[in-house]
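Below is one structure; the comments refer to it alone.
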Amino acid sequence: MELIQGTHKEPKFAPEDYISNMPDNVITHILNRLPIQEAVRTGTLSRNWRFKWNMLSQLVFDDDFFEYLSTRESDENHGRIIRRLLLHFEGAITKFVLYLEMECYDIAPVILFLSRKGVKDLTIIQKIGQALELPNQFFSFSELKHLNLHHCCFNLPASFHGFPNLLSLELYFVKFESGKFSQLFTQCPVLENLNIRFTVHAHVKLAEIAKLTNLKVLTLFMRNIDDSVLTSSSIISELVGFLPKLQELELDFRVCKSFTEDGARKRSPTTFPCLKTLKLSEIDLGNGIMLSFAFELIKCFPNLQSLEITARDWSCNEDGARKRSPTTFPCLKTLKLSNLSIYLCGGMMSSFAPIIIRSSSSLQTLEILADDWPFIEDGATFPCLNTLKISDMDLGNVDRLSSAFEMIRSSPSLQTLEITSVHWVVVLPDTTYSRESINVDGTRKRSPTTFPCLSLRTLKLSHIDLGRNIVLSFAFEIIMNSPNLQTLEIATRDRGVKCPPAIVSPELDYNAMRLLQLRSVVFTDLIGSENEVCLIKYLLACSPFLKEIRIHLHKRLASNENFLFASKLLKLHRASPVAEIVICC
């Protein structure tokens, strides 16, 4: 047979043929990564794919699924559609998630179906109406490893002997038969994560939790703790002493009774070096007794690496308020503080945040979710801080703005700075940010807060109003004094599409300003104002290494305004030969 060179042709395959030839377990893995509605739609690819979606082993009926379903079926049919879908799955179901917004839904057929499928990860969330009653078949899930229940109710059957493989248990607004709550988790010998919030008829004895020696993460709603034993920080530390593997502890103090003054004074006789993360939620730090409790508890964990505190409205009760000798937290690396207002409680709260911050010599990440910035005393330094996130920052207050600058200046290792401005407390008159307020080298005159941010690499400013002089000056101040800044993201405040009067003079000599190291810039919700154009002009003219400025225009900007803004930007000088301006309408 004669072979003719050049006549041989490789067989052609459609893209779906390559996937179709993959092993079934690989196809299942791919399908599991798709939303269930998209996985079902793969049945339209070809005849070979008509029933491939039946191999799904993870079923997630979440908000996105029901939103998709609502565009095609009435809400009354949702339950029936789910039951019909389940009939198509003959193999094992390892993960099942169900979000319900249907009252009086009969969950029993679904639970009966799942009880024969070897479910290992189960989440059931009832979002409206009365608590969802779970049938007894639910307690036969012997292979269950992760259980998450929201707004459900059930009674433990006499035949229940625990979940032998359960690793994590999360309960939110779950109702139990009085006196039987502890039987649910004490019969889970390998439990590692226990999260209890807002449970009904579920008073917990700490001695029962102490039996869970494998616990690594514990979240407690303090209202559910037996009142007869919960009196001081030493009780909590004693509990931790029985949990040698515990690494993360969260205590939620909503509607929790305050401790006694004697209990707050009582100190733990020992410390626990294993705990790495502590979260105190909705704690009344305006109450001197609870404030002392917080300090004493924190002292119990010398190797703490992450601390999150969310305070609630203060009682402003001076009784029991005492000065505590400051301690140090040499291992603390992450600190998150929320709602620590410094206006209230006669200044008692004003010292809490600075004491914690000042005493954490190894602090690397600080997040402050507060309306007010905690003042830091002069001379304080933060040598290890590399990430600072400030939310709800009042940029209209000059004193707090100066205090923020002072902390940034005192953080020589700072690489990422994120500031979100939400509202205005102090309204200041706008002035002009013009040539007279700029030195030849690009620095501002008259500013006591000018400093070099030599280490800063990433800057994110959110919800800021570039039409306000003090905010624009704040942005210019940080950018101009961050010569090594590489990534800049600015999301402006939604103030409509009316352009404010120009604040920055377009006649500024940008060539006289110092060069930047910017590589990437992203703007969001721009409206085409002169201030925005001048800021972009400065960034383009002073960034010789810039690769891209991506601009997301305000959604309500008219098409002719989009065109006018784009025309202005295209005329601007670019210091970088490869810089691109990408405008997204």
Side-chain angles (χ1 to χ4, degrees), residues 23-154 157 163 165-166 168-170 174:
D24 286 349
N25 64 325
V26 176
I27 294 177
T28 298
H29 184 70
I30 294 173
L31 292 173
N32 282 338
R33 292 178 172 270
L34 298 174
I36 190 169
Q37 61 271 21
E38 298 299 331
V40 173
R41 290 178 63 186
T42 60
T44 62
L45 290 175
S46 67
R47 181 177 299 176
N48 189 32
W49 273 82
R50 184 176 180 184
F51 297 110
K52 290 285 188 183
W53 62 272
N54 292 2
M55 296 190 297
L56 280 168
S57 63
Q58 299 182 10
L59 306 182
V60 180
F61 300 100
D62 57 7
D63 288 336
D64 291 337
F65 169 78
F66 285 107
E67 182 178 351
Y68 169 84
L69 202 59
S70 296
T71 62
R72 289 158 175 79
E73 295 284 344
S74 63
D75 294 348
E76 292 78 10
N77 293 331
H78 289 182
R80 178 179 57 83
I81 291 173
I82 291 176
R83 286 191 290 269
R84 286 179 56 189
L85 277 174
L86 294 181
L87 296 177
H88 289 269
F89 302 102
E90 298 180 356
I93 304 296
T94 58
K95 180 178 179 179
F96 185 84
V97 177
L98 179 60
Y99 288 27
L100 288 173
E101 291 190 1
M102 297 172 280
E103 295 192 58
C104 304
Y105 180 72
D106 184 10
I107 193 70
V110 176
I111 296 297
L112 180 61
F113 168 81
L114 294 175
S115 66
R116 302 188 292 263
K117 294 296 182 179
V119 175
K120 293 180 173 60
D121 189 338
L122 177 63
T123 297
I124 299 178
I125 299 177
Q126 172 73 340
K127 304 183 70 174
I128 63 172
Q130 297 181 347
L132 183 69
E133 186 173 355
L134 300 180
N136 286 344
Q137 289 90 345
F138 164 73
F139 297 97
S140 65
F141 287 35
S142 59
E143 298 182 47
L144 202 60
K145 290 186 176 182
H146 305 282
L147 177 60
N148 186 346
L149 300 177
H150 288 229
H151 203 194
C152 299
C153 65
F154 50 79
F163 296 115
N165 299 303
L166 195 66
S168 67
L169 175 62
E170 299 186 30
V174 175

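Values below: every heavy atom of this structure, side chains too, minus hydrogens, waters and symmetry copies. Residue numbers start at 1 and run along the sequence shown.
Under the salt bridge (charged side-chain N to carboxylate O under 4.0 Å, His left out) criterion, E73 pairs with no residue, sequence neighbours left out. Under the salt bridge (charged side-chain N to carboxylate O under 4.0 Å, His left out) criterion, K120 pairs with E143, sequence neighbours left out. With sequence neighbours excluded, no residue forms a salt bridge (charged side-chain N to carboxylate O under 4.0 Å, His left out) with D64. For R116, there are no salt bridge (charged side-chain N to carboxylate O under 4.0 Å, His left out) partners at least two apart in sequence or on another chain. Take H146 and apply the ring pair (Phe, Tyr, Trp, His ring centres under 6.0 Å) test, not counting sequence neighbours, and it matches no residue. The side chain to side chain donor-acceptor pair (under 3.5 Å) check on D63 picks up K127, with sequence neighbours excluded. With sequence neighbours excluded, no residue forms a side chain to side chain donor-acceptor pair (under 3.5 Å) with T42. Partners of N32 by side chain to side chain donor-acceptor pair (under 3.5 Å), not counting sequence neighbours, listed by chain and number: S57. Under the side chain to side chain donor-acceptor pair (under 3.5 Å) criterion, R33 pairs with H29, sequence neighbours left out. Listed by chain and number, the residues in a side chain to side chain contact (heavy atoms under 4.5 Å, CB included) with D106 are A108, P109 (sequence neighbours excluded).
Sorted by first and then second residue, the ring-ring contact (aromatic ring centres under 6.0 Å, His included) pairs with a member in residues 52-76 read W53-H88, W53-F89, F61-F65, F61-F96, F66-H78; sequence neighbours excluded. Listed by first and then second residue, the salt bridge (charged side-chain N to carboxylate O under 4.0 Å, His left out) pairs that reach into residues 39-52 are E38-R41, sequence neighbours excluded.
A parallel orientation is assigned to the rings of F139 and F163, their planes being inclined by less than 30° (bins at 30° and 60°).
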